[in-house]
Amino acid sequence: MTVDRAWLARPALVMAPRLLNAVVVSDVGGVRVAARLTELEAYEGMDDPASHAFRGRTPRTAVMFGPPGHLYCYFTYGMHWCANIVCGADGVAAAVLLRAGQIVEGIDVARARRPAARRDVDLGRGPARLATCLGFGAEQNGLDLCDPASPVRLESRPARRAPAVVAGPRVGISAATERAWRFSLKDDPTVSTFKAGGRQRALGGPAD
DNA sequence: AGGACGATTAACT
DNA sequence: GTTAATCGTCCTC
């Protein structure tokens, strides 16, 4: 089952921890690769200096301003693609960056797409690495993750918040680094390494 | 029209 | 720990 679009119509900061353990299924290129999400980052659009949408709507960020449940793919450093799940109400810019995941289906395809990965846990350990495993590029930007007929879907919404969640500062950005908007599964080997200093803290709390 | 910089990665020392 | 690779996007003339 794909996730409900209405469930995603909340701020990215709310959705980022809730999307842990959700599964992205990609049939790009006629082959299936699926990844269980283990690390996510929230970007709140116009209130967030680190967000691509901070300076308003542009051709690149148009998807972020649209309805939730779509894929926002962007190209960076002249060579890498990264992917987000658009959240928030239609007209509000919000997105959750897929920072890491465990490949749970199509691991042979993922290995072929990521020849540099030495171990399987490294396949999707990093946003561009994960996007590469899933075959994401310009063609996948804007795809509807809630449509069962879409080539890329978001499936098996976790019934409740993942039991052991860690919150810490976001990575690879130069603005608003103090915001603890990066969420990961505690002790999961597929989570990317912390570079930016700053404390991380355990996150408890009730389910949903 | 020109230039700085990036929600990164891999291969170095 | 350091650094090259590499180009779309956006800001400033």
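Every chain is numbered from 1, with letters handed out A, B, ... down the list of sequences. Side chains included, hydrogens not; waters and symmetry mates left out as well; all remaining heavy atoms used.
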Nucleotide of C:dC10, B:dA7, B:dT9 approaching A:P59 most closely (side-chain heavy atoms):
C:dC10

Quick check on B:dT9: is either OP1 or OP2 less than 4.0 Å from any side-chain nitrogen or oxygen of A:H80?
no

A:W81 atom CH2 is separated from B:dG6 atom C1', nearest whole Å, by 14 Å

So A:A128, base contact, sugar-phosphate only, or nothing? Heavy-atom distance under 4.0 Å.
sugar-phosphate

So which atom in A:L20 and which in A:F183 form the shortest heavy-atom distance, rounded to 0.1 Å?
CD2-O, 3.9 Å

By nearest-heavy-atom nucleotide on DNA chain B, the more 5' of A:Y74 and A:A116 is A:Y74

Base, sugar-phosphate or nothing for A:R114? Non-hydrogen atoms, less than 4.0 Å.
sugar-phosphate

Touch class at under 4.0 angstrom, heavy-atom based, for A:Y77 against every strand present
base

Between B:dA7, B:dA10, C:dC10, which one does the side chain of A:N84 approach most closely?
B:dA7

If I take atom CE in residue A:M79 and atom P in nucleotide B:dT9, what distance separates them, rounded to the nearest angstrom?
11 Å

Would you say A:T58 reaches C:dC10's phosphate, i.e. side-chain N/O to OP1/OP2 under 4.0 Å?
yes

Does B:dT8 have its OP1 or OP2 closer than 4.0 Å to a side-chain nitrogen or oxygen of A:R99?
yes

Nearest to the side chain of A:I173, which nucleotide is it out of B:dA7, B:dA10, C:dG8?
B:dA7

A:W81 and A:F75: aromatic ring centres closer than 6.0 Å?
yes

Determine whether A:W7 and A:R18 satisfy the following criterion, side chain to side chain contact (heavy atoms under 4.5 Å, CB included), listing intermediate values before the conclusion.
CA-CA 10 Å; A:W7 181 64; A:R18 293 188 187 191; 4.0 Å; yes

Closest non-hydrogen atom pair between A:V191 and A:R125, with its separation
O-NE, 3.2 Å

Pairing partner (Watson-Crick or G-U wobble, both distances under 3.5 angstrom) of C:dT6:
none

Nearest-Å distance for atom pair CG/P, residues A:L98 and B:dT8:
13 Å

For a quick check under 3.5 Å, do A:S192 and A:E39 share a side-chain donor-acceptor pair by atom type?
yes

Let me know the distance between CD1 of A:I85 and C1' of B:dA7, rounded to the nearest Å.
15 Å

From CE of A:M64 over to P of B:dA7, roughly how many Å is that when rounded to an integer?
11 Å

In whole Å, I'd like the distance from the CZ atom of A:R119 to the P atom of B:dA10.
13 Å

If the cut-off is 4.0 Å, is A:R182 near the phosphate of B:dA7, judged by side-chain N/O to OP1 or OP2?
no

A:R170 atom CZ is separated from B:dA7 atom P, nearest whole Å, by 11 Å

Compute the centroid of each ring, for A:Y74 and then for A:H52, and state whether the two points are separated by less than 6.0 Å.
yes

Quick check on B:dG6: is either OP1 or OP2 less than 4.0 Å from any side-chain nitrogen or oxygen of A:S174?
yes

Between A:R55 (CZ) and C:dC10 (C1'), how many Å, whole number?
9 Å

